[in-house]
Amino acid sequence: MTTTENLTTEQVRERVAEQLRRSRARSTALTDAVDEDDLVRQHSRLMSPLVWDLAHIGNQEELWLVRDVGGRDPVRSDIDELYDAFQHARADRPALPLLKPREARTYVREVREKVFDVLERTPLQGRRLVQDGFAFGMIVQHEQQHDETMLATHQLRTGAPVLHAEDPPRAAEPLPAREVLVPGGEFTMGTSTEPWALDNERPAHAAHVDAFFIDTVPVSNGEYLAFIDAGGYDDPRWWSEVGWAHRQKANLVAPRFWERGPAGWHRTRFGVVEQVPFDEPVVHVCFHEAQAYANWAGKRLPTEVEWEKAARFDPATGRSRRYPWGDEDPGPEHANLGQRHLRPAPVGSYPAGASALGVRQLMGDVWEWCDSDLRPYPGFAAFPYREYSEVFFGGDYKMLRGGSFGTDASAVRGTFRNWDHPIRRQIFAGFRLARDARPDEVR
């Protein structure tokens, strides 16, 4: 969302309403695309039934906007426990007495009607929860995050394709360089001003990195295939100890959804079986696979602080941008976001979205694994609830930055932090490489 410092309250209200409508249109499209059997079926033990996600979206909206912000009576207090993500593991949710598809649709519609009334009557200032529409923005982001989760569930479906979109534009010009030098020194990481930034992105603080090189584009399918052909999955030299143990236990041999056939490698993408496109960023790899590839290639994964400096730092001004390309909100020329396309764009695409240092595709296409654990920033304070971030600190989570083709622009920015277990592959995750700069390479 555009910074609101120059917007009137009514303009903020209009922006909030627009974002609420956009997120609901996407949720509706993702759930209307399948029949009722598919809505209630669990397509993977890693994921909830689609109908759970839909009702959970409505329940969170009711809890925060109808009851808390609006002070209204509950719509369905009897279902709070069913849709509390911390009460029931995803694998157990199909056995719960969930709302049926028609009930879930009726519920989220009733909640949304009340929310629009609350939006009209709520002063968007004074109380921190509503300042600049924060609570509404939090719910928009929550819905869009679950929409991306539902998109991942669609990828796990079997059967005929039900989602369709145009292919992304192809790269129109060659890359000027394969890697770029990111200068050492301090920069401003995180934010204290972004109106809808979540607690783990705050506060803005000085962070230091030594000079390093980062690849201008993510690792492609073709490059990753060279690792497979070189026996990378069979050589423990490239894997960490825990990564090698997982590779053996899970019998990993290639990115998820890839299979080798008589004509070479093909993949299944939202029900479509196709040849693996060599020029797209590799996707559906876990952290351990990304790390093994990096070791094999003689490089490493960037740390989270390195990723953010490469994405946001402008050496001409010394300031940190909101997005790699500047401070303006993402447009279709900048990044492959918002499910406009159902695949990553070829590496080198979106030159208009390059960072000040010339790094491309840092936003959209694929989430990028970083070799950092989930930790709070100095001065972190949980807001508005501990369960968004704080309860995850100290786990085995690895950081993911930048968003994917399935991430909405309202739910990602230069400071946005995502995380997951290092074994996860159903998410739309890839990676790019980095390396230390030698003294003779630092200008």
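Looking at S23, its side chain never comes within 3.5 Å of a backbone N or O of V140 through a donor-acceptor pair. For the pair R340 (side chain) and A165 (backbone), a donor-acceptor distance under 3.5 Å is absent. Panel note: side chain W196, backbone D132; a donor-acceptor pair is recorded below 3.5 Å. E201 places a side-chain N or O within 3.5 Å of a backbone atom of L198 that can act as its donor or acceptor partner. Judged purely by atom type and a 3.5 angstrom limit, S349 has no side-chain atom pairing as donor or acceptor with the backbone of A345. Remark: the backbone N or O of G126 is paired with a side-chain donor or acceptor of Q131 at under 3.5 angstrom. One N or O on the side chain of Q11 and one on the backbone of T8 form a donor-acceptor pair closer than 3.5 Å. Under a 3.5 Å cut-off, the side chain of R202 and the backbone N or O of A197 do form a donor-acceptor pair.
In this structure, W367 has its ring center at least 6.0 angstrom away from the ring center of F428. Checked against a 6.0 Å centroid threshold, the rings of H341 and F405 do not count as neighbours. Taking the six-membered ring wherever Trp is involved, the centroid distance between the rings of F392 and W419 falls below 6.0 Å. Note: F431 and F287 fail the aromatic proximity criterion, with ring centroids not under 6.0 Å apart.
Taking the six-membered ring for Trp and thresholds of 30 and 60 degrees, H142 and H146 have ring planes inclined between 30 and 60 degrees apart. Relative ring orientation between F393 and F380 is described as perpendicular, the plane-to-plane angle rising above 60° on a 0-90° scale split at 30° and 60°.
S48 and R93 share a donor-acceptor pair across their side chains, judged by distance under 3.5 Å alone. For the residue pair Q426/R256, the side-chain donor-acceptor check at 3.5 Å is not satisfied. Between the side chains of D371 and T303, no donor N or O sits under 3.5 Å from an acceptor N or O. Judged purely by distance below 3.5 Å, without hydrogens or angles, the side chains of E289 and Y233 pair a donor atom with an acceptor atom. At a cut-off of 3.5 Å, with distance as the only test, a side-chain donor of R26 or Q144 sits close to an acceptor on the other residue. Between the side chains of D147 and S27, a donor-acceptor pair is found at a separation under 3.5 Å. Side chain to side chain, W307 and E368 meet the donor-acceptor criterion of an N or O pair below 3.5 Å. Under the 3.5 Å distance criterion, with hydrogens and angles disregarded, a donor-acceptor pair is assigned to the side chains of E148 and T407. A donor and an acceptor atom, one from each side chain of H421 and D396, are located under 3.5 Å apart.
R128 forms a cation-pi arrangement with F383, by the criterion of a distance under 6.0 Å to the ring centre and an angle within 45° of the ring axis. Judged by the 6.0 Å distance and 45° axis criteria, R417 is positioned over the aromatic ring of Y377. Annotation: cation-pi geometry not satisfied between R267 and W258 (NZ/CZ under 6.0 angstrom from ring centroid, within 45° of ring axis).
Contact annotation: the side chain of L374 approaches that of M399 to within less than 4.5 Å [non-hydrogen atoms, C-beta and beyond]. Contact annotation: the side chain of E143 never approaches that of D53 to less than 4.5 Å [non-hydrogen atoms, C-beta and beyond]. Between T191 and P203, the closest side-chain pair of non-hydrogen atoms is not below 4.5 Å. Looking at heavy atoms from C-beta onward, E308 lies in side-chain contact with R401 at the 4.5 angstrom threshold. Contact annotation: the side chain of R425 never approaches that of V285 to less than 4.5 Å [non-hydrogen atoms, C-beta and beyond].
For the side chain to side chain donor-acceptor pair (under 3.5 Å) test, residues two or more places apart in sequence or in another chain that qualify with Q141 are R413. F212 pairs by the ring pair (Phe, Tyr, Trp, His ring centres under 6.0 Å) definition with nothing, not counting sequence neighbours.
Across all non-hydrogen atoms, the minimal contact from P330 to L337 is CB-CD1, 4.0 Å. For the pair L181 and A211, the tightest heavy-atom approach, listed with the atom from each and the gap, is CD1-CB, 4.2 Å. A pairwise comparison of heavy atoms in L357 and P315 identifies CD2-CG, 3.8 Å as the closest pair. The nearest pair of heavy atoms linking Q155 to T268 is NE2-O, 2.8 Å. The minimum heavy-atom distance between G58 and V111, with the atom names listed, is O-CG1, 3.7 Å. The two atoms that bring P195 and F134 nearest to each other are O-CD1, 3.5 Å, heavy atoms only.
A salt bridge links R321 to D314: one of the charged nitrogens lies within less than 4.0 Å of a carboxylate oxygen. At a threshold of 4.0 Å, the pair E274-R343 counts as salt-bridged, since one of the basic side-chain nitrogens sits closer than that to a carboxylate oxygen. A salt bridge links R435 with E441: the closest approach of a Lys/Arg side-chain nitrogen to an acidic carboxylate oxygen falls below 4.0 angstrom. Salt-bridge check for R247 with D235: failed, with every basic side-chain N at 4.0 Å or more from each acidic carboxylate O. Ion pairing of E304 with K398 is absent here, as no side-chain N (NZ or NE/NH1/NH2) approaches a carboxylate O to less than 4.0 Å.
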Give the intermediate values and the outcome of side-chain contact (heavy atoms from CB on, under 4.5 Å) for residues V108 and T28.
CA-CA 10 Å; V108 298; T28 300; over 6 Å; no
Residues E14, L7; criterion side-chain contact (heavy atoms from CB on, under 4.5 Å); working and verdict: CA-CA 10 Å; E14 290 170 7; L7 298 181; over 6 Å; no
Evaluation steps, ring-ring contact (aromatic ring centres under 6.0 Å, His included), between H284 and F257: CA-CA 8 Å; H284 296 301; F257 307 112; 4.7 Å; yes
- prompt: Can you check side-chain contact (heavy atoms from CB on, under 4.5 Å) on N200 and Y388, steps first, answer last?
  reply: CA-CA 8 Å; N200 61 67; Y388 184 76; 3.2 Å; yes
Checklist entry - Step by step, would you call N336 with M363 a side-chain contact (heavy atoms from CB on, under 4.5 Å)? => result CA-CA 7 Å; N336 181 10; M363 289 281 121; over 6 Å; no
Discussion item. Pair Y350, H334 - check ring-ring contact (aromatic ring centres under 6.0 Å, His included), show working.
Written reply: CA-CA 6 Å; Y350 298 101; H334 293 128; 9.1 Å; no
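Here OG of S355 is found 15.5 Å from OH of Y323. Values are rounded to the nearest 0.5 Å. Rounding to the nearest 0.5 angstrom, the gap separating the CG atom in L65 from the CD1 atom in I139 is 5.0 Å. One distance of note links CZ of R121 with CZ of R13; it measures 11.0 Å at 0.5 Å rounding. To the nearest 0.5 Å, the span separating CE on M189 from CZ on F313 amounts to 14.0 Å. A distance of 5.5 Å separates OG1 of T149 from CZ of R90, quoted to the nearest 0.5 Å. The OG atom of S220 sits 12.0 Å away from the CZ atom of R432 when rounded to the nearest 0.5 Å.
Within 6.0 Å of CD in E166 there are 12 or fewer heavy atoms belonging to other residues, nucleotides or ligands.
Here the options are K299, E223, R300, E179, the test is side chain to side chain contact (heavy atoms under 4.5 Å, CB included), and the partner is L433; only K299 passes.
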